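These notes are about the structure you will find just below.
The structure presented is a predicted model; accordingly, all values stated were derived computationally and were not measured. One is the number of the first residue; the rest follow in order along the sequence.
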Amino acid sequence: MIFVTGGTGLVGMHAVAAFLRRGERLRLLVREGSDKGPLLALLHDEGLSADIEWVVGDIFDTIFLVEAMEGCSSVFHAAAMVSFHPADREMLYKVNVEGTANLVNAALENRIQTFYYISSVAALGRGGHGSVTEEETEWKDGPELTNYARSKHLAEREVWRGHEEGLRVIVVNPGVIIGRGDFSRSSAALFMNIDKGLPFFPAGTNGFVAVEDVVDACFHLSDNGLFNDRYLLVGEHQSFQDLFKKIGASVGAEPPKKSAPKWLLNLAWRAAWVLEKVTGKRAVITKEAVQNTDKDYRYSNDKMLATGFSFRRLGPVIESAGECYKALYKSNAQ
């Protein structure tokens with residue numbers, strides 16, 4: 001029995017499908033009112049039975065977690081909060097750090113065999129301008145880091161603490177994850193946002209990875225006995241301009257044609273901040289959200305490639321996700 005968190009999220013739903021294909025029995029932790037629709041649609045499209053044990057609760061109830069995890073052999077922890085709004089700072093640390101610590105403790109209590117943790121490149125150190133980030137790049141806090149990055153770094157430390165206390169772990173650090181998911185949230189929302197129309201694209205570049213590769217990498221590491229280490233997962237580096245063009249083509253929409261200059265972004269988040277104070281309506285753009293969008297981030301995937309793993313090309317992944325998006329949101333309009 002595999003205990004899964006975040007099973008209705010982008011990575012989690014693909015992990016659920018992969019576990020089911022491997023014949024595993026699953027127990028999914030979901031919050032009250034969680035939207036299971038995108039997960040169930042994925043399972044239906046892949047011809048998989050949704051024979052899943054659902055448990056309703058949250059990762060802050062420590063006694064519940066210990067009981068819910070009983071009889072499980074592994075934990076796949078994909079649940080996380082992603083936000084760049086200052087009002088979410090406290091909840092970011094609560095979900096990502098405290099929640100992960102609670103799961104680690106429950107896993108130790110239940111003598112879990114393997115703890116899979118979906119971390120992030122945000123949890124890794126950053127080199128100077130023009131440098132390439134690796135798994136062992138030194139972590140240094142600084143004003144350019146977001147609270148999301150800090151929370152994921154601290155959450156990963158909880159996983160390594162669990163390892164020191166006897167837990168066998170697999171930690172992966174994916175870049176920006178691309179693929180089919182709930183198109184209203186996380187990076188999957190790029191398809192919907194570009195379809196609805198974006199005036200600008202970010203000026204920078206980043207490292208991207210197919211959502212299927214994040215899941216496959218976890219199984220590849222486990223199947224080959226490569227435990228108790230971290231692996232950076234980036235299949236391709238692309239500019240946001242090129243990525244947005246491909247997503248636009250996949251959903252039949254015009255991508256943004258102009259780069260967002262830094263002065264305009266700074267003006268936009270300040271205006272949004274003032275508007276939020278005046279109206280009480282939550283700002284859709286914040287300082288943290290735009291402060292690094294003009295950076296050119298580079299990541300090394302040499303360590304993962306050395307294990308014999310191969311990454312998918314992003315083009316077909318984007319096309320497949322775009323077809324799914326169109327079937328859900330545009331089929332009736334065409």
Side-chain angles (χ1 to χ4, degrees), residues 1-7 9-29 59 65 69 72-80 96-97 99-124 133-137 152-175 177 207 209-235 299-312:
M1 179 76 75
I2 313 296
F3 188 81
V4 179
T5 75
L10 179 57
V11 174
M13 69 172 64
H14 287 270
V16 167
F19 275 123
L20 290 174
R21 285 194 296 269
R22 292 165 71 99
E24 299 284 1
R25 294 167 54 232
L26 299 181
R27 183 177 297 159
L28 264 64
L29 172 64
I59 54 179
L65 285 178
M69 217 176 278
C72 293
S73 60
S74 300
V75 171
F76 191 95
H77 180 29
N96 294 345
V97 185
T100 299
N102 291 342
L103 284 160
V104 166
N105 292 338
L108 289 167
E109 182 75 17
N110 280 284
R111 300 183 183 276
I112 293 294
Q113 294 177 11
T114 305
F115 192 99
Y116 299 88
Y117 179 57
I118 308 302
S119 186
S120 168
V121 293
L124 300 172
T133 295
E134 299 176 332
E135 286 85 351
E136 304 308 320
T137 301
K152 290 296 284 186
H153 175 73
L154 293 173
E156 190 176 317
R157 286 177 59 177
E158 290 294 335
V159 177
W160 293 119
R161 187 262 302 171
H163 167 56
E164 292 173 358
E165 296 180 22
L167 198 61
R168 186 173 70 175
V169 303
I170 286 176
V171 176
V172 294
N173 299 83
I177 302 170
V209 62
V211 63
E212 297 90 345
D213 280 343
V214 178
V215 175
D216 288 351
C218 291
F219 293 137
H220 174 82
L221 295 170
S222 177
D223 292 344
N224 287 279
L226 299 173
F227 301 103
N228 308 324
D229 207 347
R230 62 167 19 161
Y231 290 87
L232 205 158
L233 305 180
V234 166
Y299 305 93
S300 171
N301 61 8
D302 290 348
K303 186 174 179 179
M304 192 65 203
L305 292 176
T307 70
F309 186 79
S310 298
F311 289 93
R312 290 170 171 80

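Interatomic distance, CE of Met304 versus CG of Leu233, reported as 6.0 Å (0.5 Å rounding). Of the inter-residue distances, the one linking Leu154 atom CG with Asn96 atom CG reads 9.5 Å to the nearest 0.5 angstrom. The distance from atom CD1 of Ile2 to atom CZ of Phe19, rounded to the nearest 0.5 Å, is 5.0 Å. Met69 contributes atom CE, which lies 9.5 Å from atom CZ of Arg27 (distance to the nearest 0.5 angstrom). Between the CG atom in Leu226 and the NE2 atom in His220 there is a gap of 6.5 Å [rounded to 0.5 Å]. Here the CD1-CG distance, from Ile59 to Leu29, works out to 7.5 Å after rounding to the nearest 0.5 Å.
Thr5 places a side-chain N or O within donor-acceptor distance of the main-chain N or O of Ala79, the cut-off being under 3.5 Å. Checked by atom type and distance alone, the side chain of Ser74 never pairs as donor or acceptor with a backbone atom of Phe115 at under 3.5 Å.
Shown are His77, His153, Glu156; of these, the side-chain hydrogen bond (donor to acceptor under 3.5 Å, both in side chains) with Ser119 is made only by Glu156. The side chain to side chain contact (heavy atoms under 4.5 Å, CB included) with Val169 is formed by just one residue from the set Thr114, Val75, Val159, Val104; it is Val159.
Under the side-chain contact (heavy atoms from CB on, under 4.5 Å) criterion, Met13 pairs with Pro38, Leu39, Leu42, not counting sequence neighbours. Among residues two or more places apart in sequence or in another chain, the ring pair (Phe, Tyr, Trp, His ring centres under 6.0 Å) test is passed with Phe227 by none. Evaluation of the side-chain contact (heavy atoms from CB on, under 4.5 Å) rule for Arg111 yields no partner, not counting sequence neighbours. Annotation: ring pair (Phe, Tyr, Trp, His ring centres under 6.0 Å) contacts of Tyr116 (sequence neighbours excluded): Phe76. Partners of Ser120 by side-chain contact (heavy atoms from CB on, under 4.5 Å), not counting sequence neighbours, listed by chain and number: Ala122, Tyr148, Lys152. By the side-chain contact (heavy atoms from CB on, under 4.5 Å) test, Glu165 pairs with Leu108, Arg161, sequence neighbours left out.
Taking all atoms of both residues into account, the shortest heavy-atom contact from Ile118 to Cys218 is CD1-SG, 3.8 Å. Scanning all heavy atoms of the two residues, the minimum distance from Ile112 to Ser73 falls at CG2-O, 3.4 Å. Across every non-hydrogen atom of Thr307 and Tyr231, the tightest pair is CG2-CE2, 3.8 Å. Contact record, Asp213 with Phe309: O-CZ, 3.7 Å, taken as the closest heavy-atom pair. Contact between Asn173 and Ala123 at its shortest, heavy atoms only, is ND2-CB, 4.2 Å. Nearest heavy-atom pair across Leu10 and Val211 is O-CG2, 3.5 Å.
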**Request:** Would you please test Leu65 and Asn105 for side chain to side chain contact (heavy atoms under 4.5 Å, CB included) and show each step?
**Result:** CA-CA 9 Å; Leu65 285 178; Asn105 292 338; over 6 Å; no
**Message:** Apply side chain to side chain contact (heavy atoms under 4.5 Å, CB included) to residues Ile177 and His14 and explain how you reach the verdict.
**Reply:** CA-CA 12 Å; Ile177 302 170; His14 287 270; over 6 Å; no
**Asked** Are Leu28 and Val4 close enough, and set up right, to give a side chain to side chain contact (heavy atoms under 4.5 Å, CB included), and what steps lead you there?
**Response** CA-CA 5 Å; Leu28 264 64; Val4 179; 4.0 Å; yes
**Message:** Does Asn228 form a side chain to side chain contact (heavy atoms under 4.5 Å, CB included) with Arg168? I'd like the steps, not just the answer.
**Reply:** CA-CA 6 Å; Asn228 308 324; Arg168 186 173 70 175; 3.9 Å; yes
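Within the 4.5 Å cutoff, the side chain of Leu221 has heavy atoms near those of the Val172 side chain. Under the 4.5 Å side-chain criterion, counting only non-hydrogen atoms from C-beta, Trp160 is in contact with Val171.
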